[in-house]
Every structure is written in structure tokens, then in C-alpha cells.
Peer 1: 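Quick one: the structure is below, and I'll ask about it shortly.
Owing to the predicted nature of the structure, the values given are computational and were not obtained by experimental measurement. Letters A, B, ... mirror the listed sequences (proteins, then strands); counts begin at 1. Both backbone and side-chain heavy atoms feed into the values below; hydrogens, waters and symmetry mates do not.
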2 protein chains.
Amino acid sequence: MTRPSDITRDRILKAAERLFAERGYDATSVRAIVARARVNQAAINYHFDGKEGLYREVLRTAFRGLTEDQLAHADDTAGLPREEALAAFVRRQLHPLSARDEASRYMRIFNWETVRPTPVFRKLMSEEAAPFMGLTVDLVRRFLPEADQRSLMVAAIWLIGQCSVFVRNREQLAGPPVALELDDMAVDWLAQLLSRWTMRGLGAA
Amino acid sequence: MTRPSDITRDRILKAAERLFAERGYDATSVRAIVARARVNQAAINYHFDGKEGLYREVLRTAFRGLTEDQLAHADDTAGLPREEALAAFVRRQLHPLSARDEASRYMRIFNWETVRPTPVFRKLMSEEAAPFMGLTVDLVRRFLPEADQRSLMVAAIWLIGQCSVFVRNREQLAGPPVALELDDMAVDWLAQLLSRWTMRGLGAA
DNA sequence: TCCGTTTTCAAACTCTCGTTTGAAAACGTA
DNA sequence: TACGTTTTCAAACGAGAGTTTGAAAACGGA
């Protein structure tokens, strides 16, 4: 494997991932991508059938990367008491805060999409978000056993939203007027705080 | 006042506000703006010294409009019991869900900025967001009278984040796999749900 | 009314974008 | 080695972007 052509493909993907995360789809030019990847300009059209096709590929990678972490632990948490399962879920959702890795970039790509979703993203979302949403709904159901489906859905989004506001706005929150510096220890502290408030909110002791 | 030239200026501002809110800065062309405003293409450069100057002006308007809107209700809520004050705050934060008015557009322009803040926006934010944050911190302090400043800050962001996740992602949440349709009645129901969970989370009965 | 200023206008300019092209190079297999 | 295929490459294309231009029109005080 790893034929020369695959190397080119990979370099493009890596460069595109970084640039899309940093500037968004529109503001990222094909020329900027090929310059960073040090490949020819026509390579994107050859390997990905255009800029949009490349973006689709990057989005897929990002989505898998973000959700597989939670999905991989789905079985573990199912065996835990609901309080511990929730705490673990929150801690994992906050993970991009304590690591400047792929997950942070993936999150950033998603941020661009939340304001005005591209058709590519909409499709991906409607096709592949179900497992993750299901997992989250299952979790909140353990606290709201009698709630209807719509309430469970809202509770799941509520839970996700509480975490994502910190992840999304980390950079801004670091500055005035909030000045919230989040080192690794602070992230653990934050996770505990959020877990406690969420559990109490959903009616646990 | 309202000389003919001011009318042109105003038409451009109104059209730009709508288009920037809808599509963001990059994806909005000056040709689209002048078409909607029904003015000549050169008018933007004449009156605002270019697209960027126009955006700066729109951003200023948006910021003023939003902060005035939020802070105008600060006095009302100060007199209410903390539970009612919180409910009113949540309902107010969810307002863009049920109205397509100026405030919703302003919020949307801000959403664009949270992904990749322009220098103009950063400055505006660090200088003028303090009153709104202060208001929110005051509100959560009524539930956490003994908490330190950092916890209060986190609680304030937590509160804001719970609401904004529904506002920001309204379009996506309407589709699969969530399929959360939010008409006016549903927004009221959602506001009640969020208020209740938040209050319990922060330790109120 | 007259005249200098302000404002509008259609057209063109320059730049960057994503994509296409056709040939050259590299590759894999017999 | 020889040959068909895959992959790379430099160059150019057409579309759309923001801006500039210079003249025409509208305005406003004397």
C-alpha cells in the first residue's frame, strides 16, 4: 500500500483539514491547500473531483473522529451507575479543551457548519449523527425514565450544549471580560461542576 | 435631515445587515448588497469606503442594538424573585427562535464572528461585553451566593450556553435525526424546561 | 438662474477563484 | 525492455469578486 498517489492524496487531506478548520470552506482556496500540501493544483480535481469533494472527505473524517470516541465507550458506560456514566460523558465532551489535537480541529470545522450548514454537512449529519444522538438520549433517559421522546431529545441537546459552549468559545473565553484560563486541572474541575449541575437539573440527588 | 444621500446610505445598511446575517461576510458580495438595496454598485465605496468599512458599520449597529436590548431588561429582572428572573432571562435568550426581527439578525451576525472573530469584533467584545456578562453573573449569584468568582463565571457561561445551543443550531435541529420543530408554543415549552433544569442544577427547589 | 459641490451611474479594470486541458512523467506488468 | 495505465505538471480559461473611473445628474446656497 501507500502508493505514491496515496501519498499525494494524504498530503492534500492533511493540509485541507488544517486550512478548513482555520478559515472555513469559503475562505480556503484550492491554491492555498495545494501550496501547503506541496502538490500540483490539478491534484485536487484529480483525486477528489473538486474542492467540494475534498471537503466532503474532510468532513467525514472529522465526524468519525469526533463521535467514535464517545461511541467506543458506549459499552463501558452502559455498565456504570448513571452518575458515573454522565460524568464520563461530560469529561469526554470537554476533551478538546485539554488537547490541541485532531479533535480540536474537527470541532472547529463543525463550528463553521453550525452557522450556515453546507448541503454536504446536512447530508452527513442526517445520515451519521443518529448513533451519537441515540447514545446521548439513552444516557439522559436514565435520569428521566418517564419523559417523552421530544423531552429526551431536548435534554440530550441541552447536555451537549453545556459542554460545547466551553469548547467552541475557548479562545474568546480566555480573554476579557471572562478571562477563563483552562489548563488540564481546570478542565477536570469544570467537568465535575458541569456534571453536578446537570445531574441535579435532571433530578438526581 | 434624511438627505437623499442618507437614504442611499440607509438602504445599503439595511440590505447589508440582512445579507451579512444570512450568509456571513465572505459569502456576501457587494453586488448582492447593491441589488437588494437597489443602488449603484459604486455607492458602497462612496459611502463606506469599501465592503470592509460597510461591515464595520453593520457590526457596530448590531452590537449596540443587542446590548441595549439585553440591558434594558436588567432593571425589571432585578426586582423579581430569582426563579422568575431566571425564567425571564432564559425566555429572552431563546427569543431569536420565535422572532425574525433585528435582534435575531444581530445574533446571527455574532454567530459568524464567534467562529473566526475579526479584529473589529474582538475589540468591540472585550470593551462592551462586560455589562452583559455582569448581568448574567448577578443572576446566577442569586442561586450560588457562596461561590467564588470563577465558579460564577462558569455558571454564567453554562447558562448562556444552554440557550445558545438551541438558537445557533435551530436549522440543523429541525432536520433528522433530531427533528425538533420549534413553533412559538414549543419555544415557551422549551424555555420552561430549560429554566427548571437550570434552577435545579444550581440548587434551587 | 447660476455654479461649485455632492451624489449617482454604467462601464471597465484588476485580481483571485475553481476548474480544465493536453502533454509529460512515473508506474506496473508482461 | 516495451507498452498501456495512472499520476503529475504548467499553463490557460471563464466566472465572479471588489474596486476604480470619469462623466452625468442632482443638489443647494448665492
Peer 1: In whole angstrom, what separates A:Ile12's CD1 from D:dT7's P?
Peer 2: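 Spelled out: CD1 on A:Ile12 to P on D:dT7 is 12 Å.
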
Peer 1: If each of B:Asn45 and A:Arg38 is mapped to the nucleotide of DNA chain D with the nearest heavy atom, which maps nearer the 5' terminus, i.e. the 5' end?
Peer 2: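 Nearest nucleotide further toward 5': that of A:Arg38.
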
Peer 1: Atom CG of A:Asp6 and atom P of C:dA26: how far apart are they, to the nearest Å?
Peer 2: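 It is 19 Å, rounded to the nearest whole Å.
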
Peer 1: D:dG16 P sits how many Å from A:Arg31 CZ, rounded?
Peer 2: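 Going from CZ in A:Arg31 over to P in D:dG16 covers 16 Å.
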
Peer 1: With the side chain of A:Ser29 defined as its heavy atoms from C-beta on, choose the nearest nucleotide among C:dG18, D:dA17, D:dT7.
Peer 2: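 My answer, after comparing the listed nucleotides, is C:dG18.
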
Peer 1: Using a strict 4.0 Å threshold on nitrogen-to-oxygen distance, state whether B:Glu22 and B:Arg18 make a salt bridge.
Peer 2: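 No.
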
Peer 1: What's the CZ-P distance between A:Arg11 and D:dT8, to the nearest Å?
Peer 2: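 Rounded to the whole Å, the gap is 10 Å.
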
Peer 1: Quick one: is D:dT6 close enough that its OP1 or OP2 comes under 4.0 Å of any side-chain N or O from A:His47?
Peer 2: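 For D:dT6, neither OP1 nor OP2 has a side-chain N or O of A:His47 closer than 4.0 Å.
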
Peer 1: Assess the side chains of B:Gln162 and B:Thr198: does a donor N or O sit below 3.5 Å from an acceptor N or O?
Peer 2: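 Yes.
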
Peer 1: Atom CG of A:Asp49 to atom C1' of C:dT20: distance rounded to whole Å?
Peer 2: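 In whole Å, C:dT20 C1' and A:Asp49 CG are 12 Å from each other.
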
Peer 1: If the plane angle is over 60° it's perpendicular, under 30° parallel, otherwise tilted; pick one for A:Phe110 and A:Phe121.
Peer 2: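 The rings of A:Phe110 and A:Phe121 stand perpendicular, inter-plane angle above 60°.
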
Peer 1: Of B:Glu52 and A:Asn40, whose closest DNA chain D nucleotide lies nearer the 5' terminus?
Peer 2: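 Looking at the nearest nucleotide for each, A:Asn40 comes out on the 5' side.
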
Peer 1: One thing to verify: whether B:Arg60 and B:Glu57 come together as a salt bridge, which I'm taking to mean a side-chain N less than 4.0 angstrom from a carboxylate O.
Peer 2: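 Between B:Arg60 and B:Glu57 there is a salt bridge, with a charged N closer than 4.0 Å to a carboxylate O.
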
Peer 1: Could you check how far CG of B:Asp26 sits from P of D:dA17, rounded to whole Å?
Peer 2: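 Answer to the nearest Å: 12 Å.
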
Peer 1: Does this structure show an ion pair linking A:Asp138 with A:Arg141, if we count only N-O contacts that are shorter than 4.0 Å?
Peer 2: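 Salt bridge: yes.
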
Peer 1: Side chain of A:Ala42 only, please: which of D:dC9, D:dT20, C:dT19 is the nearest?
Peer 2: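 Of D:dC9, D:dT20, C:dT19, D:dC9 is nearest to the side chain of A:Ala42.
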
Peer 1: What integer distance in Å separates B:Tyr55:OH from D:dT19:P?
Peer 2: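 In whole Å, D:dT19 P and B:Tyr55 OH are 15 Å from each other.
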
Peer 1: Rounded to whole angstrom units, what separation is found between the CZ atom of A:Phe48 and the P atom of C:dT20?
Peer 2: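 Result: 16 Å.
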
Peer 1: Just compare D:dT19, C:dT19, C:dT8 and give me whichever is closest to any side-chain atom of A:Val30.
Peer 2: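 Selected nucleotide (nearest to the side chain): C:dT19.
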
Peer 1: At less than 4.0 Å, is any side-chain N or O atom of B:Thr8 found next to OP1 or OP2 of C:dT8? Yes or no.
Peer 2: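 For C:dT8, OP1 or OP2 has a side-chain N or O of B:Thr8 closer than 4.0 Å.
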
